[in-house]
**Q** 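Okay, here's the structure, questions in a sec.
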Number of protein chains: 2
Amino acid sequence: MNDLLAAQVIRELARDSGLSDADYTVLVVLSEAPGHRMRSIELTRRTMWSKSRLSHQLTRMEGRGLVRREEPADNARACDAVLTEDGLRRIETAAPAHVESVRRHFIDLLTDDELDMLGAVTERVVAHLTETGEHAAEP
Amino acid sequence: MNDLLAAQVIRELARDSGLSDADYTVLVVLSEAPGHRMRSIELTRRTMWSKSRLSHQLTRMEGRGLVRREEPADNARACDAVLTEDGLRRIETAAPAHVESVRRHFIDLLTDDELDMLGAVTERVVAHLTETGEHAAEP
DNA sequence: CTCCTCGTGTTGATGCGTCAACTCGAACGC
DNA sequence: GCGTTCGAGTTGACGCATCAACACGAGGAG
């Protein structure tokens with residue numbers, strides 16, 4: 001189910017807006033951040049991605065003009081990711097259709113009880129993964 | 001949860017047995033097939049993969065000596081995938097640890113009720129995906 | 001028989017994710 | 001001040017997945 005569902009939703013996102021799911025994730029997080037900007041390290045925390053993955057992703061998105069990298073004045077070794085005008089427009093256009101896609105293929109098919117239970121299960125599994133010495137991101 | 005859980009289980013599989021999840025899938029299906037052999041087209045059906053993806057996967061696995069390709073005598077345009085001795089040994093060694101990994105990180109954390117519910121949800125969502133003209137594999 | 005279409009399978013280009021190795025500035029001990 | 005360690009970020013190589021284009025045999029229509 002996971003594979004099929006994710007594949008379908010991702011395919012619709014790509015078809016409708018030309019964004020990958022990774023693009024979408026970064027754009028959403030940045031669009032909600034003050035100043036549409038965020039430290040790289042904070043982005044890896046929010047997305048649960050590795051530094052490497054984020055770096056590659058930002059490189060690709062920078063090439064497509066969705067984000068910009070800036071070195072913050074107060075810390076030379078850090079790196080901010082900043083949403084561009086274009087990136088903001090893209091996420092604002094894409095979001096409604098994507099939300100609707102997830103609803104249509106998943107949320108609307110479940111009862112409230114099922115959603116509640118799924119939330120509980122998710123919380124438990126994630127807690128177990130993170131506490132059992134699981135650092136997916138960095139060794 | 002999906003992403004984290006899958007990442008963890010896949011990482012353990014790779015660490016313990018040197019197999020990717022795609023490798024594992026193919027090996028399991030083939031090991032259960034009569035004669036440890038199966039038509040490519042049947043493999044795509046079982047795995048819900050595209051022809052292309054399967055072909056690339058078989059090429060890689062063939063390079064590593066896990067499977068062999070054979071042209072069946074009765075049909076020149078078809079193609080059988082056959083498990084090698086090595087492939088069989090690999091899957092037999094890898095399977096127990098993988099099953100245990102899934103149990104430990106997921107199954108054992110859920111109650112029977114939750115598992116039942118998840119089964120029902122999965123069935124419903126997959127049915128919706130497949131009936132709504134969704135052919136993930138081929139356009 | 002000839003041509004056409006269709007089903008089966010392969011290939012190449014491209015994007016994505018991971019791993020290991022690396023750079024480099026900052027903070028700390030002395 | 002000076003070296004050492006540490007944390008943040010980048011890079012390159014590789015495996016994997018997708019898409020579009022192609023190859024080619026089988027089966028049917030005429």
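Within every chain, numbering begins at 1; the chains are lettered A, B, ... in the order of the sequence lines, protein sequences first and strands thereafter. Since the model is a prediction, treat every value here as computed from it, not as a measurement. Side-chain atoms are counted along with the backbone in the values below, which use heavy atoms only and exclude waters and symmetry mates.
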**Q** Using a 4.0 Å heavy-atom cut-off across all strands, classify A:Ser20 as base, sugar-phosphate, or nothing.
**A**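 If one applies the 4.0 Å heavy-atom cut-off, A:Ser20 turns out to touch the sugar-phosphate alone, with no base involved.
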**Q** For the pair made of NE2 in A:His56 and P in C:dG17, what is the distance, rounded to whole Å?
**A**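 For the pair A:His56 NE2 and C:dG17 P, the rounded distance is 10 Å.
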**Q** Using whole Å, what does the distance between atom P of nucleotide D:dC6 and atom CD1 of A:Ile41 come to?
**A**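 Taking CD1 of A:Ile41 and P of D:dC6, I get 16 Å after rounding.
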**Q** When you get a sec, tell me which of C:dT11, C:dT10, C:dT18 is the closest nucleotide to the side chain of A:Ser52?
**A**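 For A:Ser52, the side-chain atoms sit closest to C:dT18.
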**Q** Is any side-chain N of the basic residue among A:Arg104 and A:Glu12 closer than 4.0 Å to the acidic one's carboxylate O?
**A**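 Yes, this pair counts.
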**Q** Nearest to the side chain of B:Arg60, which nucleotide is it out of C:dC19, D:dG9, D:dC16?
**A**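 Among C:dC19, D:dG9, D:dC16, the one nearest the side chain of B:Arg60 is D:dC16.
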**Q** For the pair made of CG in B:Leu54 and P in D:dT18, what is the distance, rounded to whole Å?
**A**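 Computing the B:Leu54:CG to D:dT18:P distance gives 12 Å.
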**Q** Would you kindly give the CZ-to-P distance between B:Arg69 and C:dT10, to the nearest whole Å?
**A**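 Between P of C:dT10 and CZ of B:Arg69: 4 Å.
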**Q** Please pick, from C:dT18, C:dT10, D:dC16, the nucleotide with the shortest atom-to-atom distance to any side-chain atom of B:Arg64.
**A**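 Of all the options, the side chain of B:Arg64 is nearest to D:dC16.
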**Q** In a check of salt bridge (charged side-chain N to carboxylate O under 4.0 Å, His left out) between B:Asp23 and each of B:Arg64, B:Arg90, B:Arg60, which one passes?
**A**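 For B:Asp23, the salt bridge (charged side-chain N to carboxylate O under 4.0 Å, His left out) test succeeds with only one of B:Arg64, B:Arg90, B:Arg60, which is B:Arg64.
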**Q** For B:Arg15, report the nucleic acid contact type (base, sugar-phosphate, nothing); a contact means any heavy atom under 4.0 Å.
**A**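 The residue B:Arg15 makes no contact with any strand.
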**Q** Atom CD of B:Gln57 to atom C1' of D:dC14: distance rounded to whole Å?
**A**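 About 14 Å, once rounded to whole Å.
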**Q** Would you kindly give the CG-to-C1' distance between A:Leu4 and D:dA17, to the nearest whole Å?
**A**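 Distance, rounded to whole Å: 15 Å.
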**Q** Looking only at the side chain of A:Asp23 (C-beta and beyond, no hydrogens), which of the listed nucleotides C:dC16, D:dG9, C:dG9 gets closest?
**A**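 Closest of the options to the side chain of A:Asp23: C:dC16.
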**Q** What is the distance, to the nearest angstrom, from the CE atom on A:Met61 to the P atom on C:dT14?
**A**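 Atom CE in A:Met61 sits about 21 Å away from atom P in C:dT14.
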**Q** Is the number of heavy atoms from other residues, nucleotides or ligands within 6.0 Å of CG (B:Asp112) greater than 12?
**A**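 No.
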**Q** Give a yes or no on whether a salt bridge exists between A:Glu85 and A:Arg89, defined as a side-chain N under 4.0 angstrom from a carboxylate O.
**A**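 Salt bridge: no.
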**Q** Please determine, for the side chain of A:Arg53, which listed nucleotide (C:dT8, C:dT18, D:dT10) has the closest atom?
**A**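 For A:Arg53, the side-chain atoms sit closest to C:dT18.
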**Q** Taking any heavy-atom pair under 4.0 Å as a contact, classify B:Ser40: base, sugar-phosphate, or nothing.
**A**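 Sugar-phosphate contact only - B:Ser40 comes under 4.0 Å of backbone atoms but never of a base.
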**Q** Go through D:dG25, D:dT10, C:dG9 for me and flag the one nearest to the B:Arg77 side chain.
**A**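 In terms of side-chain proximity for B:Arg77, the closest of D:dG25, D:dT10, C:dG9 is D:dG25.
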**Q** Can you check whether A:Leu54 reaches A:Ser40 side chain to side chain, under 4.5 Å on heavy atoms?
**A**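 A:Leu54 reaches A:Ser40 side chain to side chain.
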**Q** B:Arg39 CZ to D:dA26 C1': how many Å, rounded?
**A**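 Going from B:Arg39 (CZ) to D:dA26 (C1'), I get 13 Å.
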